[in-house]
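Lettering follows sequence order; numbering is per chain, from 1.
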There are 2 protein chains.
Amino acid sequence: MLLTVFCYVCSLELYDMKYEQLKLENQLCFPVYAASRLITRAYQPYLNELGITYPQYLVLLVLWEEDNILVNDIARKLILNTNTITPLLKRMEQQGLVERKRSEVDERKVCVLLTEEGEQLKATAALIPQKVGEHLVNAGLEVDDLLALKDSLNSIISFLSK
Amino acid sequence: MLLTVFCYVCSLELYDMKYEQLKLENQLCFPVYAASRLITRAYQPYLNELGITYPQYLVLLVLWEEDNILVNDIARKLILNTNTITPLLKRMEQQGLVERKRSEVDERKVCVLLTEEGEQLKATAALIPQKVGEHLVNAGLEVDDLLALKDSLNSIISFLSK
DNA sequence: AACGATATAGTTGTAGGCGATATAATATAG
DNA sequence: CTATATTATATCGCCTACAACTATATCGTT
């Protein structure tokens, strides 16, 4: 029964039933993986103009929402490990987008702050999501479907991130 | 109007409207990105037992469905570039999972074939998707939602992969 | 046959992701 | 107050991902 639940979607053929769930088309994991990379690619041209990468853009989203935040908190919000964030932040510091400052109260902690330049990117970046979204909606995707999609993904995330 | 469409989902506050679409929570791109990594993590323990990584698993999915296939075709099916696939296949060849053979008809082409060992992983791998899916369904996710999720993602993929 | 265009795979360089581990600061237990 | 555990960040090594480019083979046209 569970076989039909997660990864199985096409009509069962009686032969070959054993491996039906291994077809790429019947997996849920692959569409998520592929869509993720394709969306990143879709953002890329716009992000190139800002001179940043997609994960760097996500870090900026976090900082634009809440500045002066710990490395750990950025990692938690983006569900990334700190050993991914640390070199990323260093590159962003190199570019002059953020500043990293070790806390004086607790010297283990490192606060990340937006520079003037990082703050200024916000206005341009604000236009990006709708530009990408525009394409999808023009391509005939329903708004309700996209919202439902987001909800389902968030359910998966909230479950798997424990 | 489009502002409300792709990335905007929460009720609009009148103040701060300008940057509402930049909140992490209002993005569609982030849930896809995060879910993708979390699903990969969920597969990991099972894949570790087989001694393979997640992208290697995807390559095997393709080969189990259709053996003796070109590098290019694997890349196309997984929506990856060949320069990602090539070193990946070399590692899999090193491990004895696949064999790479240059076509005699057209020497530009390289055929990828499963070895006996690669073929044998299929039986164990067949159990993995339902094990991962089991968790999600037990966590209360609706089957219909997951199917709808898959459809929406495939729509996005078919649009963005052109 | 000759040659430019195209196709296929590979190489190089940069930037994520993450497991394993290290290092140092702080918190806690006894 | 010392020993131990925990926390926060960083380092290292491996494996993707992909842009830009190269090398070679094949095709199409003349």
Nearest listed nucleotide, side chain of B:Arg37, among C:dC18, D:dA19, D:dT26: C:dC18
Sugar-phosphate, base or nothing in reach of A:Asp106, heavy atoms under 4.0 Å: sugar-phosphate
Atom-pair distance (CD1 on A:Ile69; C1' on D:dT9), nearest Å: 15 Å
Interatomic distance where CD1 belongs to A:Ile85 and P belongs to C:dG17 [whole Å]: 9 Å
Rounded interatomic separation in angstrom, taking CD from B:Glu93 and P from C:dG10: 10 Å
Shortest side-chain distance from B:Glu107, nucleotide among D:dA25, C:dA9, D:dC15: D:dA25
Nearest-Å distance for atom pair CD/C1', residues A:Gln44 and D:dA19: 8 Å
Nearest-nucleotide pick for B:Thr82, side chain only, options being C:dG10, D:dC18, C:dG16: C:dG10
B:Leu89 CG - C:dT11 P separation (whole Å): 13 Å
Nucleotide of D:dA19, C:dT8, D:dT16 approaching B:Asn81 most closely (side-chain heavy atoms): D:dA19
Heavy-atom closest contact (A:Gln130 atom, A:Leu127 atom, distance): CG-O, 3.3 Å
Phosphate OP1/OP2 of C:dG17: any B:Tyr33 side-chain N/O under 4.0 Å: yes
Spacing between A:Arg102 atom CZ and D:dT7 atom C1', to the nearest angstrom: 12 Å
Atom-pair distance (CG on A:Asn72; P on C:dA25), nearest Å: 17 Å
Whole-Å distance separating the CG atom of A:Asp73 from the P atom of D:dA8: 9 Å
Touch class at under 4.0 angstrom, heavy-atom based, for B:Thr53 against every strand present: sugar-phosphate
Touch class at under 4.0 angstrom, heavy-atom based, for B:Val105 against every strand present: sugar-phosphate
Check: D:dT7 base within 3.5 Å donor-acceptor of A:Arg108 side chain: yes
Sugar-phosphate only, base, or nothing, as touched by B:Arg100 at under 4.0 Å among non-hydrogen atoms: sugar-phosphate
Side-chain-base donor-acceptor pair under 3.5 Å for A:Asn83 and C:dG19: yes
Touch class at under 4.0 angstrom, heavy-atom based, for B:Leu80 against every strand present: sugar-phosphate
